[in-house]
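In each ligand, atom 1 is the first atom listed, and ligand 1 is the first ligand listed.
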Amino acid sequence: MGSVLIAYATRSGAAHDIARALEAPLRQGGHRVRLASLADAPTIDGADLVVVGSGINATVWYPEASAWLDAHQAALLATKVAVFNTCLNAADPSKREEALGYNRPAVESVDAAASESFAGRYVKEEVGFFQRLLLAVLGKGSQDHVDTAKAAAWARELLTLMRP
Ligand SMILES: Cc1cc2nc3c(=O)[nH]c(=O)nc-3n(C[C@H](O)[C@H](O)[C@H](O)COP(=O)(O)O)c2cc1C
């Protein structure tokens with residue numbers, strides 16, 4: 001039995017929903033699981049696996065997620081790490097490489113063993129004027145592609161990282 005920290009940064013809830021969907025399969029694999037918002041600056045506390053994810057804003061992770069990786073880089077390099085993002089490009093199979101590419105700085109900074117990108121959502125009413133303008137320029141209207149079953153399937157793959 002090992003311990004897993006799942007930590008996420010979110011604005012419109014997709015990364016939170018994905019993080020929550022990762023919990024049950026990891027628990028069913030026999031592990032202790034902690035779920036935490038990066039806004040609460042969680043500690044690693046000897047976790048055997050850290051799964052950390054963020055929503056994407058203009059191609060990059062949210063600042064609190066990148067700052068948390070930087071702050072805990074030494075500890076993260078000494079444990080197993082899996083990273084994920086939530087973004088709209090992940091809903092388009094032809095943009096998979098681009099969507100996964102948003103994780104590259106995180107993968108490189110903590111030598112992540114796994115990386116995934118999940119389709120997110122855009123709720124026009126929840127974002128500020130300039131962000132709405134940016135999304136309008138990109139031709140995006142409100143949409144929701146969050147698929148928790150995909151997250152659960154990834155969590156079952158992550159169980160292989162917990163084997164000695
Ligand atoms: C201002 C803004 C910029 C965004 N930039 C991108 C982007 O560069 N690429 C992308 O695929 N999705 C982009 N998105 C979509 C978000 O990544 C998507 O809404 C995702 O669900 C955010 O995660 P969260 O729901 O956990 O906050 C953007 C959304 C907003 C509001």
Quick one: do Asp111 and Val81 satisfy side-chain contact (heavy atoms from CB on, under 4.5 Å)? Show the steps, please. CA-CA 7 Å; Asp111 195 19; Val81 181; over 6 Å; no

Distance to 0.1 Å, residue and atom name: give those for the protein heavy atom nearest to atom 25 (O) of ligand 1. Ser12 OG, 2.6 Å

Gly55 heavy atoms within 4.0 Å reach ligand 1 at atoms 22 (C), 23 (O)

Does at least one non-hydrogen atom of Tyr102 fall below 4.0 angstrom from an atom of ligand 1? yes

Where the closest heavy atom to atom 7 (C) of ligand 1 is concerned, which of Asp92, Thr59, Leu134 has it? Thr59

Please determine, by modelled atom types, if Ser117 and Asn85 share a side-chain donor-acceptor pair under 3.5 angstrom. yes

Return yes or no for this condition: an N or O of Arg121 is under 3.5 Å from an N or O of ligand 1. yes

Smallest separation among heavy atoms of Leu35 and Ala19, with atom names: CD1-CB, 3.6 Å

Applying a strict 4.0 Å limit to heavy atoms, is Ala58 in contact with ligand 1? yes

The option among Val127, Leu133, Thr86, Ile56 carrying the non-hydrogen atom nearest to atom 28 (C) of ligand 1 is Ile56

Given Val51, Thr86, Ile6, the one that forms side chain to side chain contact (heavy atoms under 4.5 Å, CB included) with Ile18: Thr86

Taking atom CD of Gln143 and atom CG of Leu88, what is their separation to the nearest 0.5 Å? 4.5 Å

Could you establish whether Tyr62 and ligand 1 come within less than 4.0 Å of each other, counting only heavy atoms on the residue side? yes

For Thr10, the ligand 1 atoms whose distance to one of its heavy atoms is below 4.0 Å: 24 (P), 25 (O), 26 (O), 27 (O)

Evaluate side-chain contact (heavy atoms from CB on, under 4.5 Å) for Val52 paired with Leu38, printing each intermediate quantity in order. CA-CA 9 Å; Val52 55; Leu38 287 169; 3.9 Å; yes

From OG (Ser142) to CD (Glu125), nearest 0.5 Å: 5.0 Å

Got a second to check how far Glu64's CD is from Ser37's OG, nearest 0.5 Å? 7.0 Å

The atoms of ligand 1 lying under 4.0 Å from a heavy atom of Leu88, numbered in the order shown, are 10 (C), 11 (O), 12 (N), 15 (C)

Near Arg104 CZ, under 6.0 Å, is it more than 12 heavy atoms from other residues, nucleotides or ligands? no

Kindly confirm or rule out an N or O of Leu135 lying under 3.5 angstrom from an N or O of ligand 1. no

Geometric N/O contact Gln131 with ligand 1, under 3.5 angstrom: no

Give the numbers and elements of all ligand 1 atoms closer than 4.0 Å to a heavy atom of Gly120. 21 (O)

Residue, atom and distance of the protein heavy atom nearest atom 11 (O) of ligand 1 read Asn89 N, 2.8 Å

